[in-house]
Amino acid sequence: DSGTATFMLLGQECTRACRFCSVVTLAKPALPDPEEPKKLAASVSQLKLKYAVLTTVDRDDLPDQGAAHIAKCINSLHLAQPNLFIELLMPDFQGENVLIEQMADLPLKVLGHNLECVESLTCKVRDPRASYEQSLKVLRVIKQAKPQMLTKSSLMLGLGETKEEVLEAMADLRSVGVDYLTLGQYLQPTKTKLPVERYVTPEEFKNFQVLGEEMGFAYVASGPLVRSSYKAFEFYMMGVV
């Protein structure tokens with residue numbers, strides 16, 4: 001037991017309709033629960049966690065896209081447990097620097113944003129409001145705002161990409177200073193979502209891990225069952241050590 005758990009903030013519905021994700025899409029979901037920061041801190045204390053991974057839906061409907069609410073949740077956790085390691089997997093905030101920088105200012109150990117897929121598949125896989133360039137920009141702005149912040153990103157494989165495209169995406173992530181990388185197999189969550197184009201072999205995943213380490217990532221987790229919050233605490237400790 002690693003003492004790690006993942007929590008999703010800002011509600012159960014997302015304003016985006018990515019074709020790989022099973023979260024329900026609504027143009028105007030319910031307002032964020034004002035009690036969530038308090039409830040989150042209580043849950044983490046009860047579970048005696050060492051490491052909390054926070055992920056969020058997209059809230060394009062809110063004036064600040066949920067940034068203030070995310071900040072309240074993280075500050076509430078930090079106040080309740082100053083020694084807790086907190087990792088945030090953040091949305092793209094439509095590329096708004098002020099909101100990205102607000103996240104970089106929070107008491108986090110790792111700040112992640114997922115590129116999700118290679119550039120050629122972005123339009124097919126992700127909501128039109130998300131883009132490959134915008135996601136790279138988010139990761140670049142974090143490092144510019146707070147160079148010591150550890151950043152993380154993730155790619156799903158098996159959607160029809162080539163090996164060359166994966167390596168290009170990995171190089172693009174390194175070019176904006178990403179420290180940690182996770183690579184996993186895409187699995188179709190429901191019948192209405194994109195089908196799996198192919199199953200990537202464990203050998204191919206291992207090869208990407210070796211190549212990623214050669215590119216200079218501090219740590220690469222690459223395997224069929226790897227997800228962005230995969231072994232987050234071990235991942236953090238290995239990268240830091």
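- Using modelled atom types, one side-chain atom of T122 and one backbone atom of E119 make a donor-acceptor pair closer than 3.5 Å.
- Here the CG atom belonging to N83 is positioned 9.0 Å from the NE2 atom belonging to H78, to the nearest 0.5 angstrom.
- L157 and L159 fall within the same hydrophobic cluster, where Ile, Leu, Val, Met, Phe, Trp and Tyr residues are linked whenever their side-chain heavy atoms come under 4.5 Å apart, directly or through other members.
- Just one of K143, R174, K152 meets the side-chain hydrogen bond (donor to acceptor under 3.5 Å, both in side chains) condition when paired with D179; it is K143.
- A salt bridge links K38 with E35: at least one charged nitrogen is closer than 4.0 Å to a carboxylate oxygen.
- Ring planes of Y51 and F85: parallel class, angle under 30° (limits at 30 and 60°).
- Hydrophobic clustering of Ile, Leu, Val, Met, Phe, Trp and Tyr side chains at less than 4.5 Å, counting indirect connections, keeps V210 apart from M215.
- No chain of hydrophobic side-chain contacts below 4.5 Å, direct or via other Ile, Leu, Val, Met, Phe, Trp or Tyr residues, connects I70 to L79.
- The hydrophobic clustering, which links ILVMFWY residues whose side-chain heavy atoms are closer than 4.5 Å, places L106 and V141 together.
- Look at D105 and K146 and you find no salt bridge, because none of the NZ, NE, NH1 or NH2 atoms lies under 4.0 Å from a carboxylate O.
- A salt bridge does not link K28 to D60: none of the charged side-chain nitrogens sits closer than 4.0 Å to a carboxylate oxygen.
- Side chain of S222 to main chain of F205: a donor-acceptor pair is present (N/O by atom type, distance under 3.5 Å, no hydrogens or angles).
- Judged by distance alone, with hydrogens and angles left aside, the side-chain atoms of S135 form no donor-acceptor pair with the main-chain N or O of L115 at under 3.5 Å.
- Atom-to-atom distance recorded for Q94:CD and S131:OG is 11.0 Å, nearest 0.5 angstrom.
- Taking CG from L173 and CG from L181, the interatomic distance works out to 6.5 Å, rounded to the nearest 0.5 Å.
- Looking only at distances, a side-chain donor or acceptor of H113 sits under 3.5 Å from a matching main-chain atom of M90.
- For S154 (side chain) and N114 (main-chain N/O), no donor-acceptor pair under 3.5 Å exists by modelled atom type.
- In the hydrophobic clustering of this structure, V166 groups with V200; members are Ile, Leu, Val, Met, Phe, Trp, Tyr whose side-chain heavy atoms approach within less than 4.5 Å, directly or through other members.
- A donor-acceptor pair under 3.5 Å is formed between the side chain of E165 and the backbone N or O of T162.
- No donor-acceptor pair closer than 3.5 Å links the side chain of E36 to the backbone N or O of D33.
- Listed for the Q134 side chain is no donor-acceptor partner under 3.5 Å among the backbone atoms of Y132.
- Using a cut-off of 4.0 Å between Lys/Arg side-chain N and Asp/Glu carboxylate O, E168 and K163 are scored as not salt-bridged.
- With values rounded to the nearest 0.5 angstrom, Q185 atom CD is found 8.0 Å from R198 atom CZ.
- For the residue pair I100 and F93, the shortest heavy atom distance occurs at N-CD1, 4.4 Å.
- Not a single donor-acceptor pair under 3.5 Å links the side chain of D61 to the backbone N or O of A27.
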